[in-house]
Amino acid sequence: MDSWSDRGTFGDLFGAVNALFSGLAFAALIYTIVLQRDEIKQNREEIVLNRKELAKGSKLQQKAQELLTQQVAQTHLSAKMNAMRTLVDYYNNQIANPKNTEETIDRAKLKRKEIIIQIDQLIDGLDNSEAE
């Protein structure tokens, strides 16, 4: 029986080591929880920053869309003015052509005058900012 009691005593010697390892494991668990809490806090801060950046990005996209719409309107206006100028040139050629009858020349003058009035109306409809 002495051998069993000796063995029990010998096993009890490792109880302190076992308690030490249990304490270290518990400390490591606490440290891991603290690290995870800090990481979660950093992730939340990054999410907030990303949301702010996305909001800025959507504002930039909206501004770009507005500028693109203005550019399309300017291109449309430019094309319309070029078409009207082409018509005025055509009617000028009709008026200057000596082979045309007086009736054709009078009709060309009338059409040219109508186109010039439309051009004046377009120009009058422009703001100073659009003309620049």
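- With respect to Ile119, the side-chain contact (heavy atoms from CB on, under 4.5 Å) criterion is satisfied by exactly one of Val88, Leu87, Asp124: Val88.
- Atom NZ of Lys80 sits about 5.5 Å away from atom NE2 of His76, to the nearest 0.5 Å.
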Residues Ile116, Lys113; criterion side chain to side chain contact (heavy atoms under 4.5 Å, CB included); working and verdict: CA-CA 5 Å; Ile116 290 172; Lys113 185 176 182 180; 5.7 Å; no
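- Applying the side-chain hydrogen bond (donor to acceptor under 3.5 Å, both in side chains) test to every pair with at least one member in residues 83-98, sequence neighbours left out, gives these pairs: Tyr90-Gln94, Asn92-Arg112, Gln94-Asn100.
- In this structure, the separation between CG on Leu35 and CD1 on Ile30 is 11.5 Å, given to the nearest 0.5 Å.
- A distance of 9.0 Å separates CG of Asp106 from CD1 of Ile95, quoted to the nearest 0.5 Å.
- If you chain together hydrophobic residues whose side chains sit under 4.5 Å apart, Met84 and Ile123 fall into the same group.
- Heavy-atom neighbours of Glu103 CD from other residues, nucleotides or ligands within 6.0 Å: at or below the threshold of 12.
- Among residue pairs with one or both ends in residues 28-53, those qualifying as salt bridge (charged side-chain N to carboxylate O under 4.0 Å, His left out) are Glu53-Lys56; sequence neighbours excluded.
- With sequence neighbours excluded, no residue satisfies side chain to side chain donor-acceptor pair (under 3.5 Å) with Ser78.
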